[in-house]
Every structure is written in structure tokens, then in C-alpha cells.
Amino acid sequence: MTEKLTTQDTAVDTATEDADAAGRKLDAQRAGARVGLTSDEIIINGGRPLKGRIEVRGAKNLATKAMVAALLGKTPSVLRNVPNISDVRVVAGLLALHGVLITKGDQAGEWRLDPSNVEVAHQADIDAHAGSSRIPILFCGPLLHRLGEAFIPDLGGCRIGDRPIDFHLDALRQFGAVIEKLPSGISLTAPDGLKGANIELPYPSVGATEQVLLTAVLAEGQTELRNAAIEPEIVDLICILQKMGAIISMEPNRVIFIEGVPELRGYDHRAIFDRNEAASWAAAALATKGDIFVGGVEQEEMMTFLNVFRKVGGDFDVHDDGIRFWHPGGELKPVVIETDVHPGFMTDWQQPLVVALTLAQGESTIHETVYENRFGFTDALVKMGADIVVYKEGLHDENRRVKRREFEQAAVITGPVHLRGADIEVPDLRGGFSHLIAALTAEGQSKVTNLGIISRGYENFIEKLHLLGADFVYES
């Protein structure tokens, strides 16, 4: 029986949508302000191929975690290749609230982090500075080791589906943390210290794997982590912790052993490049029929993406200092993509690539198995003329390689279509960049707002658009 919605129900839904929109706008303004964006909108005249060279620096998903790892050291750490993005600024602010002294090095992207005077921060200050970031959850293990207590506010982030922190909290409890949920957030203590544990994750979560690594390295005894994430950024974090004096072994079948040590020292490390940003610019080259050299990118970490890029009809050349991506002419081809944890096709890669798939000759299908609500960004593409149908309960496919998951969704993209310019509001980080690509591809003019959200993970993207010859107006 179908339940009829009442006027009151509709009013509640509308109020919720308005609150979400206001929240996104505030998030965008805060994020943009952290990296010096002076406007939250850009007007793009589409239809011009992007051509030129840009540079990609350290990965958002490594740099922010490496900064947290500095809390574990007895001596200062030096992190190089740090991107100028909003999420990095959030972590820097949270570290400063806890007494970490951060100074810039002589070279761009070089940060020195001195944890000599770590102290307890005020809950209100943490809450105010963290905003919608989920990074504070990773402070728990290091702060419990250093101070015996930690606090995290309500967690936010991109609105792409529930991001439960149960995996994190369950792991911390197994180490011996005592957790108390408060109206303002979550308080953690470790009255008996933290001890090694045998932990098996229900899902190879990147964040939960990082939580275990950052907690286990100073925990008493040995920790065995099963069903761990093995993304390149995880491996890079393990390299950092090993430089600090940790003993960590990666075994086959997603098993990691960590032997706790009494203390750690600081590190000197160059962050791995940002795979997500690299793939985004590659997708932009394909969609706009352009030619972009992405400096600082390496082939090994991009292999899964490169295979799909070639299947769609794109071409690339691998060089010692980066990869050149371009549209070689002719029709693009439809593909079937199943997102998955590494070494599968990353969920963060599908959103920018969807714009190129609207230009492919035929029907493409994306099975999104990582997040349960990651196709909201396609509403704007449909408004621009795309033919995209989202199946909220997924689609059956007997040729699937990735195991079907409970909350997965699917999107079917039929092309080719001619995208038209429109007014677009950025909903989340990766979806927002896909909107930029769509505006650059479309015929006519588009206005993209909530631009600051994109600055959470894309360094100097306005400047890079200029370098690539995009036709746009941005009030700086």
C-alpha cells in the first residue's frame, strides 16, 4: 500500500532541503575562505577544449592523515608536497588548537610540525574549527596516547550518504578506549592505556584502517588488522609511520600486523601525488576534447583508471614527470564500471568521468558499490541535457566482478548528447568538479555556485583553469 504524503510531510521535506542548502553554502564559504577564494561563483563559457600543463601535488587523502601522524612523534616532522586545499587548513587549525607548532619551509608545500607542547583543546574550539570535516575522528588514537583523552564533535563531510563512525569507535574500544556520547560530540578516555588488539573490519574502510594504524603503533603489544584497506595512500601512511620507528608488516589478503613500540620520532616525507585530482583533470581533457599534461603523476597508482580511460576512447602517454591525457578524435565508447576499494576503480573517479560518458555512443552503466547516495550530482547534468537514469536499488548484472553490496546504486548514461549551459549549485567535492567539467563541455554559459566546496580537495583550480585556456569569469 502506498502511503500518501500530507502537506505537513511536504513542508518538513522542504524545510530539510532548505537547511541542507544553507549548510552547503556555509560550508562552501568557509572552505573557500581558508584558501583565499574571494568569490563563491564562477561563470563559464563552455565548448573550448582544455589544453596545457598543470601540476598535481600531494594527495588530500594522505597529507591530512600524515599531519595527524605528527602528533605521535617526540620530535618535529617535515611533510613536503602539501597541497594548498581547505581540508589541509582544517587539520592545521585543529593541530594548532592542540598545541602543535606549524611553520612553513623554504620550499612551497613544505610544512614543519612540532608536537612538543601538545595540550587539551577546548571542545567549543574544536567544534567551531572542524566544521563539516570528518578528520577529527583520526585524532582519537594519537591524542589518547599523548593526553589520555580526546574529543570529537559531530562529524560532517560531503553529503554522499551515511558515513557511520561505528568502525572507528568499535576499533578504539578494542584497544581499551572508554567512549561517552555527549550532546556536543564524543568524549574518549583511556584510563588503563591502549593495548594491542585483534581487529577485523566489516568492510575495508580507508578511514578505519588509518584509525587502527595511528592507534596501534604506540599501543602495548601486537595488533592484527584483517580486511584492511590497501590503497596507495594507506601504504604511504605506513611508510611514514615506519620512518617514525613503527614496526608494521603488510601480509597477503588484506592483513596488517603492527607491533607497538614505546615511542616514535618525527618524520621527513614527501606525500604521494593526488590520484583523484589527476583522474579529474584526465576526465576534463576527454570531455572537452582537450589535451592536458598532468605533472607529478605516476603510472603505477593510476593503472586501473588508465585502463578505463583507454576503453572509453581516451589516449595517454606516460612520462617520467607526469602523464599526458587527450581526446584522440572519433567517437567515445560506452563502458560498464563497478566502483570498488583498491585496486578496483575508485568511487572518486566515477563522478568526473560521467560527463565524458554522456558523449559516448551508446549506453554506459556505473555500479556504485562504495557509497549509497553518490549520484545526486547527476540531477544537474540531466538539467543540462544529459540522459542519466539512477537506480536507487542497483541493477542486476550476471557479468559483475565486484560483489553486490547492500546499499549500492547504479546509473545508466545514454549518449551522445549535447550539454547546454545552466546554473549549477555544487553539492559535494567530486560531484562539484564534475559540474565544472560539464560547464566547460556544454554549449553556452553556465554559472557554478558553492565553488568553495571544490577547494576542499583541488588546489588552485581557478588558476589551473586559466592555464588550460578555459573561458570563464571569476571575480577575484
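The structure displayed is predicted, hence computed values, not measured ones. Just the heavy atoms: all of them, side chains too, but no hydrogens, waters or symmetry mates, feed the values below.
Formation of a donor-acceptor pair under 3.5 Å by the Thr288 side chain with backbone atoms of Leu50 is found in this model. Ser77 places no side-chain N or O within donor-acceptor distance of the main-chain N or O of Gly266, the cut-off being under 3.5 Å. Within the 3.5 Å criterion, the main-chain N or O of Ala271 finds a donor-acceptor partner in the side chain of Asn81. Within the 3.5 Å criterion, the main-chain N or O of Arg112 finds no donor-acceptor partner in the side chain of Lys104. Between the Tyr474 side chain and the Thr38 main chain, a donor and an acceptor come within less than 3.5 Å of each other. A donor-acceptor pair is defined here as one N or O able to donate and one able to accept, closer than 3.5 Å; such a pair exists between the side chain of Asn227 and the backbone of Leu201. Between the side chain of Gln409 and the main chain of Glu372, a donor-acceptor pair closer than 3.5 Å is present. At least one donor-acceptor pair under 3.5 Å links the side chain of Asp40 to the backbone N or O of Leu451. Side chain of Thr209 to backbone of Ala229: a donor-acceptor contact under 3.5 angstrom is found. Gln211 places a side-chain N or O within donor-acceptor distance of the main-chain N or O of Ile137, the cut-off being under 3.5 Å.
Residues forming a salt bridge (charged side-chain N to carboxylate O under 4.0 Å, His left out) with Glu408 (at least two apart in sequence, or on another chain): Arg400, Arg404. Residues that satisfy the side-chain hydrogen bond (donor to acceptor under 3.5 Å, both in side chains) test with Tyr458, not counting sequence neighbours, are Ser280, Arg430. With sequence neighbours excluded, the residues forming a side-chain hydrogen bond (donor to acceptor under 3.5 Å, both in side chains) with His269 are Asp236, Lys243, listed by chain and number. For Arg420, there are no side-chain hydrogen bond (donor to acceptor under 3.5 Å, both in side chains) partners at least two apart in sequence or on another chain. Every residue meeting the side-chain hydrogen bond (donor to acceptor under 3.5 Å, both in side chains) condition with Thr369, not counting sequence neighbours, appears here in chain and number order: Arg405.
Here the side chains of Phe151 and Pro136 are not in contact, with every heavy-atom distance at 4.5 Å or above. Using a 4.5 Å heavy-atom cutoff, the side chains of Ile152 and Ile126 are not in contact. Using a 4.5 Å cut-off on side-chain heavy atoms (C-beta onward), Thr215 and Leu172 make contact. The shortest side-chain heavy-atom distance between Val78 and Glu110 falls under the 4.5 Å cut-off. The side-chain heavy atoms of Met67 and Leu79, taken from C-beta on, include a pair separated by under 4.5 Å. At a threshold of 4.5 Å between non-hydrogen side-chain atoms, the residues Lys447 and Ile42 do not count as touching. Side-chain contact between Trp326 and Ile292 is absent, with no heavy-atom pair separated by less than 4.5 Å. Considering only heavy atoms from C-beta on, Glu149 stays 4.5 Å or farther from Leu188 through its side chain.
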Next item on the list: Apply the test side-chain contact (heavy atoms from CB on, under 4.5 Å) to residues Phe309 and Val335: give CA-CA distance (whole Å), side-chain angles for both, the deciding distance (0.1 Å), then the verdict.
Entry: CA-CA 10 Å; Phe309 190 80; Val335 292; over 6 Å; no
Item checked: Residue pair Leu419, Val355: steps toward the side-chain contact (heavy atoms from CB on, under 4.5 Å) verdict -> CA-CA 9 Å; Leu419 298 180; Val355 182; 4.1 Å; yes
Margin query: Between Ile323 and Glu298, is the side-chain contact (heavy atoms from CB on, under 4.5 Å) condition met? List the steps.
Written below: CA-CA 7 Å; Ile323 301 178; Glu298 297 182 10; over 6 Å; no
Checklist line | Criterion side-chain contact (heavy atoms from CB on, under 4.5 Å) on Ile43 and Gln445, from CA distance to verdict | finding: CA-CA 7 Å; Ile43 296 174; Gln445 189 175 91; 3.4 Å; yes
Margin query: Let's go through Gln351 and Arg374 carefully: what are the C-alpha distance in whole Å and the side-chain angles of both, what is the deciding distance for side chain to side chain donor-acceptor pair (under 3.5 Å) to 0.1 Å, and is it a yes or a no?
Written below: CA-CA 8 Å; Gln351 291 168 293; Arg374 200 151 206 187; 3.0 Å; yes
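Between Lys60 and Asp87 there is a salt bridge, since at least one side-chain N of the basic residue sits less than 4.0 Å from a carboxylate O of the acidic one. For the pair Arg275 and Glu231, the salt-bridge criterion is not met [side-chain N within less than 4.0 Å of a carboxylate O].
Looking only at atom types and distance, the side chain of Thr347 has a donor-acceptor partner in the side chain of Glu368 under 3.5 Å away.
Counting non-hydrogen atoms of other residues, nucleotides and ligands closer than 6.0 Å to CD of Glu300 gives a total of 12 or fewer.
What you find for Ser446 and Ala439 is that their closest heavy atoms are CB-CB, 3.6 Å. Considering every non-hydrogen atom in both Ala285 and His327, the closest pair reads O-CB, 4.1 Å. Residues Leu182 and Ser187 approach most closely at CD1-CB, 3.8 Å, considering heavy atoms. Minimum heavy-atom separation, Ala70 to Pro115: O-CG, 3.3 Å. Shortest non-hydrogen contact noted between Val426 and Ile453 is O-CD1, 3.8 Å. Here the closest heavy-atom approach between residue Ala177 and residue Leu144 is recorded as CB-CD1, 3.9 Å.
Between the CD1 atom of Ile165 and the OG atom of Ser205 there is a distance of 11.5 Å, given to the nearest 0.5 Å. Rounding to the nearest 0.5 Å gives a distance of 8.5 Å between OG1 of Thr449 and CD1 of Ile424. Taking CD from Gln350 and CZ from Phe345, the interatomic distance works out to 7.5 Å, rounded to the nearest 0.5 Å. Between the CZ atom in Arg146 and the CG atom in Leu71 there is a gap of 7.0 Å [rounded to 0.5 Å]. One finds the OG1 atom of Thr64 at 8.0 Å from the CG atom of Leu138 (value rounded to the nearest 0.5 Å). Interatomic distance, Gln123 CD to Leu97 CG, rounded to the nearest 0.5 Å: 12.5 Å.
Using bins of under 30°, 30° to 60° and over 60° for the plane-to-plane angle, the ring pair Phe316/Phe325 lands in the tilted bin.
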List the atom pairs, with distances to 0.1 Å, where a side-chain N or O of residues 460-473 and a protein N or O form a donor-acceptor pair under 3.5 Å, not counting sequence neighbours.
unit_1	atom_1	unit_2	atom_2	d
Lys464	NZ	Glu55	O	3.0
Lys464	NZ	Glu277	OE2	2.7
Lys464	NZ	Glu459	O	3.1
Asp471	OD1	Asn45	ND2	3.4

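Put simply, the residue from Leu214, Leu147, Leu264 that forms a side-chain contact (heavy atoms from CB on, under 4.5 Å) with Pro142 is Leu214.
Ring to ring, Trp281 and Phe433 are close: their centroids are under 6.0 angstrom apart.
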